[in-house]
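When a ligand or atom number is given, it counts from 1 through the structure's own listing order.
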Amino acid sequence: MGEYGGMEMAQTRWRYAVAGVLTGFTGLAVGTAVAWLLRTRSTPVVAVAEGVRDLVPGPLATWLVHLVGRFDKPLLIAGVVSFVLLVAMGAGLLARRFPLWSDVILFIVAGIGIVAAARAGGAASAGAVLIGFVAMVITLRWLVASPREVAAGGADSRRTFLKRSVLVAAGGAIALAVGRVAGRSRRIAEESRRLVRLPGGRGSVPQGASLGVEGQPPWRTPNGTFYRIDTALAPPVVAAGDWELRIHGMVDHEVSITFEELLRFEHTGAWVTLACVSNEVGGDLIGNAWWSGVPVRTLLERAGVLDGADAVLQTSVDGWTCLTPLEVLTDDRNAMLAYAMNGEPLEIEHGFPVRTVVPGLYGYVSATKWVVDLEVTRFDRTEGYWTSRGWSARGPVKTQSRIDVPRSGAQVASGVVPVGGVAWAQHTGIERVEYSLDGGDWRGAGLGRVPNTDTWVQWSGTVDVEPGEHELRVRATDRSGYVQVEERSPVDPDGATGWHTITFKVE
Ligand SMILES: Nc1nc2c(c(=O)[nH]1)N[C@H]1C(S)=C(S)[C@@H](COP(=O)(O)O)O[C@H]1N2
Ligand SMILES: [Mo]
């Protein structure tokens, strides 16, 4: 009996070790796959390898590099992988009697990875390691659940353990393969984006548009900080050479256009402020950029729109749709199929290679990213993605204004304090902006000069304040004569209303 028990012990200990190694493999595979998918600057293993390389003191590093020559990087990587697998094996063995300690060990390894990844690749890389860590904890728990059944006399535990091990190994391999393939198409699109040469320029910010109030966001929103809203988990990747737009439906004849052909059309460029219907009062789901592309009108003319049509169903390569009034796509406004934002090819997240931009409409009914299909149709025949989920069929932008300076909750010195922000009424135009301190009279703000009615307008003013808590509110009047109402309505179903109101403290 004693003899037999000893053998059984050795056998289960062996399983714990295997469970540990598989756990390490899962963590590495999941972390790497996520990093590839997110196209982070560095995978977790490479990040740690770079960290080690940078931490090794100078002479030793030189010696190391001499020793291993140009193989230092693969060797370092192999070292990091072996280290993780070994430590994970240790964690697996510990799990037999001290399961909590094995989690702690895994967490320490992950911690090293998170620090190195954050340093080498930023938050997304660190996030990839964190997901890898979660995968490790779950995997180890699941695998050791079966040898523990042995101790409890479970009959089929050996089979269970084997089955689970195979599943875990296969799962890790599949994660790696999927991450690799998805990551590669992403790299191809990135490469294609780098090679694209576009007409159109980057647009220069018009004189007087920027009031220069300290702390105010710039009039031109840089691409890197432009808000992003879409339903895509990972942004679709389309190389410029693979892009094709189909125009069909109620047209004289179907048209297909490649990216190269699109560039040969006469191009247009315009300042347009894009806003999301989900932007709360005072929110930041809004941005202003110089867009270049081809007027939608030009392309629709080529197809020949038939009588009776009143809408265009736009479809993205990922299946997202929106229904846009035909009128706004064919009147004299700058509705365009844009291929550049602030003079740069669209970023993949913002719709590379081509997206739609329509001044005056919220994004959910007009601004299709990765657009590949325009079907000329009628409002009484179909609806778009968000409209079928309860949002309004028409989505004209509501006149709004926002206080940016001072920030809500800020502390400022007493005396004359600058105030400022933005107001917008795309394709209608801002006529007047007024602000009121502590419920007092409305006072007219100074306005920035804008090139057209399609962009936001900066406003500024001053208030003279005594120590204590103060409240500031703002309202805009547009060129149709509409004055923003105080009544708050939610963003659902067609955009928020209400005056942006903030409080701030004076010392
Ligand atoms: N393909 C696709 N296009 C889309 C969306 C989407 O989910 N999928 N969201 C729309 C919404 S709701 C908005 S507000 C804008 C946002 O564009 P941005 O991410 O470039 O700022 O894109 C629009 N275009
Ligand atoms: Mo949106």
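Contact shell of ligand 1 (protein heavy atoms, cutoff 4.0 Å): F226, Y227, R228, I229, D230, T231, L274, C276, S316, D318, W320, H350, R355, G363, Y364, A367, T368, K369, W370.
Ring orientation note: the planes of W320 and Y385 are tilted relative to one another, at an angle of 30° to 60°.
Checked against the 6.0 Å centroid threshold, W456 and W271 do not count as a close aromatic pair.
Screening residues 247-258 for salt bridge (Lys or Arg N to Asp or Glu O under 4.0 Å) gives R246-E254 as the qualifying pairs, with residues at least two apart or on separate chains. Screening residues 333-344 for salt bridge (Lys or Arg N to Asp or Glu O under 4.0 Å), with sequence neighbours left out, gives D331-R333.
Partners of V181 under the side chain to side chain contact (heavy atoms under 4.5 Å, CB included) rule, at least two apart in sequence or in another chain, do not exist in this structure.
Of the charged side-chain nitrogens involved, none lies within less than 4.0 Å of a carboxylate oxygen, so that R264 and E261 do not count as a salt-bridged pair.
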